[in-house]
Amino acid sequence: MGAAPCSTDSGGYQVFSLAANRKLTEEGAIFRSHIDGSKHLFTPEKVIDIQREIGADIIMAFDECTPWPCDHKYALGSMELTHRWLDRCVGRLHTTEPLYGGDQMLFPIVQGAVYTDLRRASAEKIASKEMPGNAIGGLSVGEPAEVMYEMLEVVNGILPADKPRYLMGVGTPANILEAIARGVDMFDCVMPSRNGRNGMLFTHDGIINIRNQRWASDFSPVDAGSDSEISRTYSKAYLRHLVISGEMLGAQIATIHNLSFYLSLVREAREKILDGTFGSWKEETVRRISERA
RNA sequence: GGGGAGAUACCAAAGUGGCCAACUGGGGCAGACUGUAAAUCUGUUGUCUGAAGACUUCGUAGGUUCGAAUCCUGCUCUCCCCA
């Protein structure tokens, strides 16, 4: 067994999340440092160079993750910019080499906000690059989940099914199962870690806010249904105590628990797909894990 | 025994005649967080009510006043210093 593959992002999400501190130009995005006010220009070429240097197995194209809401005109212009940047990323990829041997796969990113025509056009553009995998971006930025699912159906009707389809930044356990049902293969998300740090736990019995007093004297395991030793060893009462007390260990246990929950969730999804029972399992599971415990 | 300080909501702690149902912090309750500038942020927290509003609170019993958490008197309790 080799080391697990790793990936890096391009900074396209920061074009969205740090919008207040950046300026967009054809050349790239200029970010202003919140630390010393200095300017930093990120271009498609530079972003590829940086990811070459880091050496991740999967690297991402530089894009603009559009905000929500976002009108059609803006979404169109943004998508076209992302497409031009993509051409430049691919150009740079082909004129440079991995620095540490092995191979680096560039995933282009579909944009188009919540507009079917744009999503379709973008998916076609992205697929035409014939990269080893394709990503879907610009979703889970505030739009209703149903809209996101609709966009996934449009996009995945175009992106090749025999290559990984990576939905960026998603999401809740339910989001993930719904996306899998619509053909998505890969995910990444801060939710299990950030929400875990903030006391939100995803368990086999539903969602719980471990800070709530109702867990103060509940000495049952964090998640008895878990396959993670951490989740089965520590009690809810103890974890709550740690989190309430501001102990770093609380955030650590909560994060490890959530991560293990996500991992076992997708592992089980894979098994259900293979034995042909994913559909019914998904319906039942989404219901169970979305409820407050 | 002598001298001094103090008792405010779950806790701590402001307020020292009307703008006080009472600052602020903690705690409680609830919510948010989705390609991580986030171990963060928001709301709420006397009772009744959907709300307007009404009602009862600042150790306790009286008093002064149009009006008292705030002023006066007695009582109870706590803390500190000296002996």
Side-chain angles (χ1 to χ4, degrees), chain A residues 6-22 29 31-38 40 42 47 51 56 58-68 82 106-111 126 133-149 151-152 164-179 184-202 207-217 239-256 258-259 261-262 265 290 292:
Chain A
C6 64
S7 66
T8 47
D9 195 10
S10 61
Y13 186 70
Q14 281 61 42
V15 172
F16 159 79
S17 67
L18 304 182
N21 296 308
R22 57 82 176 149
F31 291 92
R32 190 173 282 283
S33 167
H34 70 287
I35 297 169
D36 61 5
S38 57
H40 303 269
F42 285 72
V47 157
Q51 295 186 91
I58 296 170
I59 63 179
M60 303 306 299
F62 194 44
D63 66 336
E64 179 190 5
C65 175
T66 47
W68 188 86
T82 287
L106 175 66
F107 282 28
I109 306 171
V110 174
Q111 287 295 337
I126 268 56
N134 298 292
I136 304 160
L139 292 174
S140 68
V141 289
E143 80 286 357
E146 286 308 321
V147 172
M148 171 169 75
Y149 300 152
M151 293 302 119
L152 290 180
R165 293 186 287 212
Y166 163 27
L167 176 56
M168 305 188 75
V170 173
T172 65
N175 287 161
I176 288 175
L177 295 188
E178 294 296 351
V184 173
D185 306 291
M186 290 173 57
F187 303 87
D188 81 287
C189 193
V190 305
M191 189 168 275
S193 52
R194 178 187 293 166
N195 288 33
R197 287 198 300 277
N198 294 333
M200 184 179 189
L201 304 183
F202 301 97
I207 295 168
I208 73 178
N209 181 347
I210 199 65
R211 293 173 309 173
N212 290 171
Q213 183 168 36
R214 57 181 294 206
W215 311 114
S217 299
L239 177 56
R240 175 179 181 278
H241 158 73
L242 291 174
V243 170
I244 293 277
S245 307
E247 284 287 347
M248 197 60 216
L249 181 59
Q252 292 173 318
I253 292 171
T255 300
I256 292 170
N258 276 348
L259 252 14
F261 178 85
Y262 270 62
L265 185 71
S290 301
R292 289 322 265 218

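Convention: sequence-line order gives letters A, B, ...; per-chain numbering from 1.
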Counter-base of B/C71, judged by Watson-Crick or G-U geometry with both distances under 3.5 Å: B/G63

Interatomic distance at P, B/A68 relative to B/C19, whole Å: 11 Å

Euclidean distance for P, B/U76 against B/G27 (whole angstrom): 39 Å

Close side-chain approach of A/Arg211 and A/Asn198, heavy atoms under 4.5 Å: no

Heavy-atom side-chain proximity of A/Met60 to A/Leu106 below 4.5 angstrom: no

Rounded distance (Å) that lies between atom C1' of B/U34 and atom CD of A/Glu146: 16 Å

Nearest-angstrom distance, C1' atom, B/U47 to B/C79: 34 Å

For the student: nearest non-hydrogen atoms of A/Asn175 and A/Val170, plus distance: CB-CG1, 3.5 Å

Euclidean distance for C1', B/U8 against B/A69 (whole angstrom): 7 Å

d(CG, A/Asn212; C1', B/U44) in whole Å: 14 Å

Length of the line joining A/Glu143:CD and B/U34:C1', which is rounded to integer Å: 9 Å

Integer-rounded Å distance: B/U34 C1' and A/Glu178 CD: 15 Å

B/A52: pairing nucleotide in any strand, Watson-Crick or G-U under 3.5 angstrom: none

Pairwise P distance, B/G67 and B/G15 [rounded to whole Å]: 26 Å

Nearest-angstrom distance from the residue atom OH of A/Tyr262 to P of B/C33: 11 Å

Euclidean distance for P, B/A39 against B/U44 (whole angstrom): 24 Å

Interatomic distance at C1', B/G6 relative to B/U70, whole Å: 15 Å

Geometric class of the A/Phe202/A/Tyr262 ring pair [parallel <30°, tilted 30-60°, perpendicular >60°]: perpendicular

Pair partner, B/A5 [Watson-Crick or wobble, under 3.5 Å]: B/U78

Side-chain touch A/Arg197/A/Val243, heavy atoms, less than 4.5 angstrom: no

P-based separation of B/G28 from B/A83 [nearest Å]: 46 Å

Nucleotide B/U34, atom P - distance to CE of A/Met200 in whole Å: 11 Å

Whole-Å gap separating C1' (B/U34) and OH (A/Tyr149): 11 Å

Base partner of B/A13, which must satisfy Watson-Crick or wobble distances under 3.5 Å: none

Integer-rounded Å distance: B/U34 C1' and A/Phe187 CZ: 12 Å

From CA spacing to verdict: side chain to side chain donor-acceptor pair (under 3.5 Å), A/Gln51, A/Thr8: CA-CA 7 Å; A/Gln51 295 186 91; A/Thr8 47; 2.8 Å; yes

Per-nucleotide protein contact string for nucleotides 35-42 of chain B, where B marks a base within reach and S marks sugar-phosphate only (heavy atoms under 4.0 Å, - for neither): BBBBBBB-

Contact check, side chains of A/Val141 and A/Phe16, non-hydrogen atoms, under 4.5 Å: yes

Test log, rule side chain to side chain donor-acceptor pair (under 3.5 Å), inputs A/Thr255 and A/Asn258: CA-CA 5 Å; A/Thr255 300; A/Asn258 276 348; over 6 Å; no

